[in-house]
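A, B, ... follow the sequence lines: proteins, then strands. Residue 1 opens every chain.
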Number of protein chains: 2
Amino acid sequence: MLATMRKERADAARNRAKVLTAAAELFAAKDPRTVTMDDIAKAAGVGRGTLYRRYPDIASIAVALLDEHERRLQRDLLEGPPPLGPGAPPVDRLAAFYAAMVDLLETHGDLALATEVGGRRFEVGAYRFWRAHVLSLARAAGIASPDPLADILLAPLAPDVFAHQRGQGLSPDQVKTALTRLASVLTD
Amino acid sequence: MLATMRKERADAARNRAKVLTAAAELFAAKDPRTVTMDDIAKAAGVGRGTLYRRYPDIASIAVALLDEHERRLQRDLLEGPPPLGPGAPPVDRLAAFYAAMVDLLETHGDLALATEVGGRRFEVGAYRFWRAHVLSLARAAGIASPDPLADILLAPLAPDVFAHQRGQGLSPDQVKTALTRLASVLTD
DNA sequence: GCAGTAAGTGGTCATCGTGTCCACTTATCT
DNA sequence: AGATAAGTGGACACGATGACCACTTACTGC
């Protein structure tokens with residue numbers, strides 16, 4: 001019952017790669033929220049059916065592209081060196097997390113925006129991970145009821161918020177500084 | 001040049017009212033983000049063209065409905081009694097603003113969600129007002145560069161964030177408490 | 001009152017994106 | 001080589017958008 005699983009067909013793997021690179025280029029080229037399934041299919045040179053076989057919607061494609069970058073950060077948060085990883089005070093760890101997320105948004109903000117279509121932001125796995133992390137930091141800081149605070153502390157990292165700030169002429173460093181101040185709510 | 005302006009026709013005013021009440025009911029009845037122009041036109045008993053004459057999109061209708069409620073809060077912020085209005089310390093004013101916004105979201109969250117379609121959240125007039133208010137509070141608190149902080153402090157009030165928190169079982173009071181803690185970043 | 005006029009009305013139309021479906025092709029296993 | 005299931009891609013139906021325009025109606029100045 002475990003030997004019956006065929007490995008992925010070679011042409012399927014090739015198409016998967018073509019789809020992902022084509023999608024990445026499209027997301028980077030124009031407003032990610034206006035990219036359509038048809039655009040990606042055409043750019044990748046595959047049919048729409050092929051696209052829908054693996055990805056139910058645009059957001060899934062963007063999530064697949066973001067995945068590897070997010071995984072690295074997630075690993076660093078769990079077992080990397082302080083202040084990102086364990087060992088530093090909660091306030092510093094939160095500030096470090098904020099800074100890392102700003103870097104992530106700065107380099108892959110287009111993908112992050114694309115994952116937002118349909119308003120599924122809170123349902124993707126990554127959000128739950130970030131939330132669990134912030135929640136544990138808040139607990140470690142001795143916050144009484146940290147649950148409502150977790151979503152509040154994550155809200156400023158919403159892709160559209162960051163994009164808006166960048167569009168207003170704010171630099172990533174300015175945002176990082178402001179977020180570091182925000183992290184101080186874990187003091188007391 | 002001022003006598004040449006005709007007043008609004010009686011039937012137009014009647015239709016405007018029919019549209020607004022019908023839209024309010026629809027937004028309250030189902031997920032506001034799934035309400036369509038056709039739905040509203042049908043429910044109001046008018047044609048689609050009539051709808052588009054005054055409102056370019058769904059968000060405009062929701063904005064029109066939210067407007068009066070938001071205006072009252074805006075007036076209180078500018079000239080109401082403390083701690084909402086002038087007179088109290090910035091931290092307390094921010095906390096009071098947060099509490100008032102939670103109440104607004106609790107009673108009219110459906111409209112707030114409807115104004116978000118198309119991702120125009122930062123372009124509507126209300127956002128600029130809230131931002132200017134928070135900005136002035138941050139300045140009054142002696143924050144060095146308050147501009148990046150303003151958007152960050154407003155992010156937790158995004159309609160979808162609040163809706164998500166409510167959906168997770170959090171009560172308005174819990175959210176208010178957490179936001180009050182957040183307001184303490186204006187201390188120092 | 002009574003035209004004249006412009007605002008208002010409502011249905012139709014073209015367009016676009018979505019997601020499903022299915023007949024056909026092709027890689028992989030035996 | 002033949003069987004089999006995975007994979008492919010184009011066609012299709014559907015739903016929503018927003019523009020368009022011929023018709024109607026309420027206000028205007030005479």
Side-chain angles (χ1 to χ4, degrees), chain A residues 1-23 26-27 29-64 113-120 123, chain B residues 1-23 26-27 29-64 113-120 123:
Chain A
M1 124 222 240
L2 16 72
T4 45
M5 189 171 155
R6 293 192 180 204
K7 65 178 173 183
E8 184 184 44
R9 270 169 52 166
D11 57 341
R14 214 178 314 128
N15 272 352
R16 177 207 295 279
K18 281 199 296 183
V19 164
L20 288 180
T21 59
L26 284 177
F27 286 144
K30 41 187 285 195
D31 182 351
R33 285 166 293 199
T34 70
V35 174
T36 172
M37 282 298 226
D38 236 48
D39 293 339
I40 298 178
K42 287 239 173 48
V46 303
R48 294 171 48 71
T50 306
L51 221 54
Y52 277 103
R53 160 165 293 267
R54 232 181 299 268
Y55 307 104
D57 50 38
I58 295 264
S60 309
I61 302 181
V63 166
L113 278 175
T115 63
E116 277 200 316
V117 296
R120 309 202 164 284
E123 294 164 29
Chain B
M1 126 219 232
L2 18 68
T4 45
M5 187 171 155
R6 294 190 178 206
K7 65 177 173 185
E8 184 183 44
R9 274 168 50 166
D11 56 344
R14 213 177 315 126
N15 274 351
R16 177 206 295 279
K18 279 198 298 181
V19 164
L20 288 180
T21 59
L26 284 178
F27 287 144
K30 42 186 283 194
D31 182 352
R33 285 166 294 199
T34 70
V35 174
T36 173
M37 283 295 227
D38 236 48
D39 293 339
I40 298 177
K42 288 238 172 47
V46 303
R48 293 169 47 70
T50 306
L51 221 53
Y52 277 103
R53 161 164 293 267
R54 231 181 299 269
Y55 307 104
D57 49 39
I58 295 263
S60 309
I61 302 180
V63 166
L113 278 175
T115 62
E116 276 200 317
V117 296
R120 308 204 163 283
E123 295 164 28

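For the pair B:Thr50 and C:dG10, the criterion of a side-chain N or O lying under 4.0 Å from OP1 or OP2 is met.
Side-chain contact between B:Val19 and B:Tyr55 is present, with at least one heavy-atom pair separated by less than 4.5 Å.
Within residues 31-41 of chain B, the residues that have a heavy atom under 4.0 Å from DNA chain D are, in order of number, B:Thr36, B:Met37. Taken residue by residue, residues 13-21 of chain B places heavy atoms nearer than 4.0 Å to DNA chain C at B:Asn15.
Within the structure, the salt bridge (charged side-chain N to carboxylate O under 4.0 Å, His left out) test picks out the following pairs touching residues 33-44 of chain B (sequence neighbours left out): B:Lys30-B:Asp39, B:Asp31-B:Arg33, B:Asp38-B:Lys42, B:Asp38-B:Arg48. Sorted by first then second residue, the salt bridge (charged side-chain N to carboxylate O under 4.0 Å, His left out) pairs that include residues 50-60 of chain A, not counting sequence neighbours, are A:Glu8-A:Arg54.
Looking at every heavy atom in both residues, B:Ala114 comes nearest to B:Pro32 through CB-CB, 3.9 Å.
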Dump every N/O contact between nucleotides 20-22 of chain C and the protein below 3.5 Å, one line per pair.
none

Nucleotides 24-26 of chain C: which of its N/O atoms have a protein N/O under 3.5 Å away?
unit_1, atom_1, unit_2, atom_2, d
C:dT26, O2, A:Arg9, NH1, 3.0
C:dT26, O2, A:Arg9, NH2, 3.4

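Following rounding to the nearest Å, B:Leu51 (CG) and C:dG11 (P) show an atom-to-atom distance of 13 Å. Between the NZ atom of A:Lys42 and the P atom of D:dG9 there is a distance of 13 Å, given to the nearest Å. D:dT17 atom P lies 9 Å from atom CG of B:Asp57, rounded to whole Å.
In this structure, A:Phe27 CZ and A:Thr115 OG1 are separated by 9.0 Å, a value rounded to the nearest 0.5 Å.
If B:Pro56 and A:Val46 are placed on DNA chain D by their nearest nucleotide, the residue sitting closer to the 5' end is A:Val46.
Screening A:Asn15, A:Ile40, A:Ile61 against A:Leu20 for a side-chain contact (heavy atoms from CB on, under 4.5 Å) leaves a single residue, A:Ile61.
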